[in-house]
S.K.: 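This structure is in structure tokens; I'll ask about it shortly.
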Amino acid sequence: ESIYWVYGMVLADDVGFDADEMIARLAKSNVGSRPFFWGMHEQPVFRKMGLFADDHHPVTERIARRGFYVPSGLGITEEQQLSVIAAVKTALRS
């Protein structure tokens with residue numbers, strides 16, 4: 001059985017900023033968030049090993065740069081959920 005401890009969102013291509021900017025905007029509303037993980041081909045440890053040197057995976061790269069996680073989990077209250085939703089809407093309008 002899945003336990004959804006993070007909830008991922010990906011910014012549409014027509015949104016004029018990336019996940020890092022969204023995370024900064026959410027922080028102004030006291031909403032903690034974090035970026036998606038980067039693809040294996042972009043992980044520094046593998047690059048240092050000379051792996052994936054010429055690999056490009058556009059879908060993975062797009063999602064890594066435009067995706068972020070917002071608070072979720074079994075303990076989040078409805079009030080907290082509504083607060084996160086409001087912060088996301090505000091950040092997208094700003």
Side-chain angles (χ1 to χ4, degrees):
E1 188 173 320
S2 294
I3 297 176
Y4 300 100
W5 63 278
V6 293
Y7 187 83
M9 303 178 87
V10 178
L11 296 169
D13 290 333
D14 62 350
V15 173
F17 52 87
D18 63 10
D20 288 339
E21 176 64 23
M22 183 65 162
I23 290 166
R25 291 178 183 205
L26 290 173
K28 290 178 183 176
S29 296
N30 294 317
V31 172
S33 55
R34 52 163 288 163
F36 275 9
F37 295 100
W38 288 67
M40 296 294 290
H41 70 292
E42 293 187 305
Q43 295 290 329
V45 67
F46 296 126
R47 290 280 173 111
K48 287 180 186 176
M49 295 171 64
L51 301 174
F52 308 113
D54 295 318
D55 281 19
H56 297 285
H57 302 278
V59 174
T60 300
E61 292 160 12
R62 179 188 162 279
I63 291 171
R65 286 159 182 76
R66 300 194 66 77
F68 60 99
Y69 296 109
V70 294
S72 63
L74 299 176
I76 192 169
T77 66
E78 185 173 347
E79 181 180 338
Q80 291 169 322
Q81 291 173 35
L82 294 173
S83 177
V84 170
I85 293 165
V88 168
K89 287 180 177 180
T90 298
L92 289 170
R93 283 191 299 263
S94 306

S.K.: Is there a side-chain contact between Thr60 and Met40, using heavy atoms and a 4.5 Å cut-off?
M.R.: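 No, their side chains stay 4.5 Å or more apart.
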
S.K.: Any pair with a residue in residues 16-28 that passes side chain to side chain donor-acceptor pair (under 3.5 Å), sequence neighbours left out, goes on the list, sorted by first then second residue, please.
M.R.: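 Sorted pair list: Glu21-Arg25.
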
S.K.: Can you tell me if Ser29 uses its side chain to pair, donor with acceptor, with the backbone of Ala87 under 3.5 Å?
M.R.: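 Answer holds: no.
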
S.K.: To the nearest 0.5 Å, how far apart are CD in Gln43 and CZ in Phe37?
M.R.: 9.0 Å

S.K.: Which atoms form the tightest heavy-atom contact between Arg47 and Asp55, and what is the distance?
M.R.: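 Answer, listing the atom of Arg47 first, then Asp55: NH2-O, 4.3 Å.
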
S.K.: Over all heavy atoms of both residues, which pair between Ile76 and Gln81 is shortest? Give the atoms and the distance, please.
M.R.: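 Residues Ile76 and Gln81, closest heavy atoms: O-NE2, 3.7 Å.
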
S.K.: If Ile, Leu, Val, Met, Phe, Trp and Tyr residues are connected whenever their side-chain heavy atoms lie under 4.5 Å apart, and connections chain through other members, are Ile85 and Val70 in the same group?
M.R.: no

S.K.: Which heavy atom of Phe17 sits nearest a heavy atom of Leu11, and at what distance?
M.R.: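 The answer is O-CD1, 3.5 Å.
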
S.K.: Please list all pairs meeting salt bridge (Lys or Arg N to Asp or Glu O under 4.0 Å) that have one or both residues in residues 75-86, counting only residues at least two apart or in different chains.
M.R.: none

S.K.: Under a single-linkage definition using a 4.5 Å side-chain heavy-atom cutoff for Ile, Leu, Val, Met, Phe, Trp and Tyr, are Val15 and Ile23 assigned to the same hydrophobic cluster?
M.R.: yes

S.K.: Strictly distance-based, threshold 3.5 Å: is any side-chain N or O of Arg34 a donor or acceptor partner for the main-chain N or O of Tyr69?
M.R.: no

S.K.: Between Glu61 and His41, does any side-chain donor sit less than 3.5 Å from a side-chain acceptor?
M.R.: yes

S.K.: Val84, Leu92: one ILVMFWY side-chain cluster at the under-4.5 Å cut-off?
M.R.: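 Linked within one cluster.
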
S.K.: Are the side chain of Arg93 and the backbone of Val88 linked by a donor-acceptor contact shorter than 3.5 Å?
M.R.: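 No, the answer is negative, given that no donor and acceptor are paired below the 3.5 Å cut-off.
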
S.K.: Can you hop from Trp38 to Val45 via hydrophobic side chains spaced under 4.5 Å?
M.R.: no

S.K.: Do Arg65 side-chain atoms and Ala19 backbone N/O form a donor-acceptor pair below 3.5 Å?
M.R.: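 Side chain of Arg65 to backbone of Ala19, a donor-acceptor pair under 3.5 Å: no, none is there.
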
S.K.: What are the two closest heavy atoms between Leu26 and Ser33, and how far apart are they?
M.R.: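 The answer is CD1-OG, 3.7 Å.
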
